[in-house]
Amino acid sequence: MSTPRDKPIDPTAAVPQFTRSYQRLGRVNLRVLDGPDRGKEFHVDLSDRRLITAGRDAVNDIVLSDTHVSGNHFQIAVTPRGLLLRDLDSTNGVHVGDVRVREAWLTAQTVFRAGQSTFRLLGTDDVQIALPPIDRFDQLYGRSAAMRELFSTLERLATRGDRLRVLIGGETGTGKELVARALHHRSSRQAGLFVVQDCTAIPRELAESLLFGHTKGAFTGAVGDRPGSFEEADGGTIFLDEIGELPLDLQAKLLRVIQEGEVMRVGERSPRKVDVRVLCATHRDLRAMVAEGRFRQDLFFRIADVRVEVPSLREREDDAVLLADLFLRRCAGAGEPRVLASSARAALQAHAWPGNVRELKSVVERAHVMADGPEITADDLSLAPEASARRSVAHDGLFLLPHDRAVDEFERLYFASLLAQHPSKAKAARAAEMSGEGLRQALKRLQLRG
Ligand SMILES: Nc1ncnc2c1ncn2[C@@H]1O[C@H](COP(=O)(O)OP(=O)(O)OP(=O)(O)O)[C@@H](O)[C@H]1O
């Protein structure tokens with residue numbers, strides 16, 4: 001929740017002054033040297049993606065007509081070390097020279113083949129991005145270039161019509177829901193409701209009624225008429241979290257609702273008009289899901305008028321320290337907040353944060369409770385000890401244990417880390433590609449508390 005203490009960012013925090021602009025990779029340019037698309041050039045803009053995909057399917061950034069190319073054939077990942085070409089389990093593979101490769105670093109000289117087409121990277125263009133001198137947008141805080149670029153995109157989106165459907169991507173815990181809330185609060189729909197529907201948490205049999213409502217007697221247990229999330233959000237915004245988890249039959253129904261602007265309650269014959277803005281989030285690569293037939297292409301285009309990528313905490317320079325200060329002030333309420341010792345700041349910056357801001361928040365909240373004095377040290381954060389304990393079990397002990405105990409020990413570490421990274425068991429199960437029941441059984445067997 002927002003408090004008046006949220007407003008100013010701690011001026012003593014070791015954060016850089018606002019820079020006005022920064023330079024980053026802006027475009028990747030690729031030419032088709034041979035094959036049915038010979039001579040074509042692709043200039044892929046990187047403002048909302050770090051992964052470029054190529055294949056026959058229309059959802060790709062690079063759409064090819066070669067019939068020997070798979071629907072989703074290869075990707076080029078933009079990494080701090082360079083551009084990494086990766087085969088996406090295509091039928092005919094990716095070749096550099098005569099060698100079939102799973103991955104290869106691209107240079108301007110690399111010629112590679114997919115299907116009957118050959119490609120060369122022509123090079124990349126840098127862009128200079130103007131950054132607004134702000135360190136928050138609605139409830140999102142950050143001073144890093146990546147976050148300020150996001151704020152300026154959100155500012156533009158907020159003023160570009162309140163029907164624009166935005167697909168929000170990013171790792172777990174990066175703040176995708178906060179982005180959606182910010183878009184709602186800054187839109188002309190702010191007086192309407194912001195309704196969150198987590199698609200991982202919908203029980204299959206109730207899904208349709210939860211989203212679209214039901215009438216009395218429509219099924220056993222339907223004791224009265226009930227509106228669904230879409231009707232609740234009438235005049236406001238619905239946020240469909242983890243949209244990639246929606247089963248195909250519901251995807252078809254959702255598409256109809258978006259296209260027609262009307263919902264049909266389960267058990268009812270006539271549709272009701274609804275005026276809802278749809279914002280969606282996912283941590284999955286929906287385009288790959290489209291190519292695999294697990295996500296409808298027409299729905300993908302409907303929900304993604306614009307795509308926005310929330311950067312991981314690793315990509316946000318000193319934001320971990322800034323956010324830790326913010327969370328400590330929130331923990332203190334009206335009292336004097338604890339301060340971070342320099343050892344704690346260094347530990348926060350060195351940590352990889354696989355669970356992103358959510359993990360940071362829980363680390364800070366735990367340290368606030370555990371710390372004795374007014375200062376929080378690296379020890380209070382218990383980041384390094386946990387990591388080294390993990391390493392030492394894995395390296396020194398795990399391989400020496402009898403097989404069954406080693407597997408048990410590994411599972412224990414695996415599930416503990418999984419639960420720490422995800423807000424709910426449903427999400428943790430999805431990330432582990434297990435059923436909810438499978439996860440519950442595993443936790444019970446390992447005597448772990450979920
Ligand atoms: N930039 C930020 N400033 C302040 N708080 C943040 C920021 N980003 C995330 N948070 C906080 O971190 C937590 C996780 O954020 P949120 O739920 O929006 O992430 P998410 O990407 O939607 O997660 P998931 O992928 O698991 O659904 C929330 O408590 C949120 O308030």
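Every number for a ligand or one of its atoms is a count from 1 in the order of the listing.
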Query raised in the report: Closer than 4.0 angstrom: is that true for some heavy atom of G173 and an atom of ligand 1?
Result: yes
Report summary line: among protein heavy atoms, the one nearest atom 30 (C) of ligand 1 is L178 CD1, 3.8 Å
Report task. Compare all side-chain heavy atoms of L167 with those of V306 and state whether any distance is below 4.5 angstrom. Result -> no
Report task. Note the single closest protein heavy atom to atom 19 (O) of ligand 1, along with its residue, its atom name and the distance in Å. Result -> G175 N, 3.1 Å
Requested in this report: Answer yes or no: is there a side-chain heavy-atom contact under 4.5 Å between R163 and R189?
Outcome: yes
Query - Flag side-chain contact, heavy atom, 4.5 Å: D319 against R143 - result: yes
Requested in this report: Looking only at protein heavy atoms, identify the closest one to atom 22 (O) of ligand 1 and say how far it is in Å.
Outcome: E177 N, 3.0 Å
Query raised in the report: Protein heavy-atom contact under 4.0 Å for atom 28 (C) of ligand 1?
Result: no
Query raised in the report: Would you say K361 touches ligand 1, if touching means a heavy atom closer than 4.0 Å?
Result: yes
Query raised in the report: Given that the side chain starts at C-beta and the backbone is N, CA, C, O, which of these parts of F151 lies under 4.0 Å from ligand 1, counting heavy atoms, or is it both or neither?
Result: neither
Query raised in the report: Do we see a donor-acceptor contact under 3.5 Å between the side chains of E292 and N72?
Result: no
Query raised in the report: Any ion pair linking K176 and E171 (charged N to carboxylate O, less than 4.0 Å)?
Result: no
Query raised in the report: Would H214 and E208 count as having a side-chain donor-acceptor pair, cut-off 3.5 Å?
Result: no
Query - 4.5 Å side-chain heavy-atom contact, R181 and V196 - result: yes
Query raised in the report: Hey, does the Lys NZ or Arg CZ of R186 hover above the aromatic six-ring of F137, less than 6.0 Å from the centre and inside 45° of the axis?
Result: yes
Query raised in the report: Based purely on interatomic distance, does R358 place a nitrogen or oxygen under 3.5 Å from a nitrogen or oxygen of ligand 1?
Result: yes
Query raised in the report: Counting heavy atoms only, which part of D241 comes closer than 4.0 Å to ligand 1: side chain, backbone, both or neither?
Result: side chain
Query - Distance from atom 20 (P) of ligand 1 to nearest protein heavy atom, with residue and atom - result: K176 N, 3.4 Å
Query - Nearest protein heavy atom with distance in Å, relative to atom 2 (C) of ligand 1 - result: Y141 N, 3.5 Å
Query raised in the report: Any nitrogen or oxygen of L323, main chain or side chain, under 3.5 Å from a nitrogen or oxygen of ligand 1?
Result: no
Query raised in the report: Hey, are R49 and E309 close enough for a salt bridge, meaning a charged N less than 4.0 Å from a carboxylate O?
Result: no
Requested in this report: Determine whether V321 and L323 make a side-chain contact, defined as any pair of heavy atoms from C-beta on separated by less than 4.5 Å.
Outcome: no
Query raised in the report: Which protein heavy atom lies closest to atom 24 (P) of ligand 1, and at what distance to 0.1 Å?
Result: K427 NZ, 3.5 Å
Query raised in the report: Where's the contact between Q139 and ligand 1, heavy-atom distance under 4.0 Å: side chain, backbone, both or neither?
Result: backbone
Query raised in the report: Mind checking whether L140 has an N or O less than 3.5 Å away from an N or O of ligand 1?
Result: no
Query - Heavy atom of the protein closest to atom 10 (N) of ligand 1 (residue, atom name, distance) - result: V357 CG1, 3.4 Å
Requested in this report: Verify whether one side chain among S152 and E155 offers a donor that lies under 3.5 Å from an acceptor in the other.
Outcome: no
Query raised in the report: Under 4.0 Å from any heavy atom of F327, which atoms of ligand 1 are there?
Result: 5 (N)
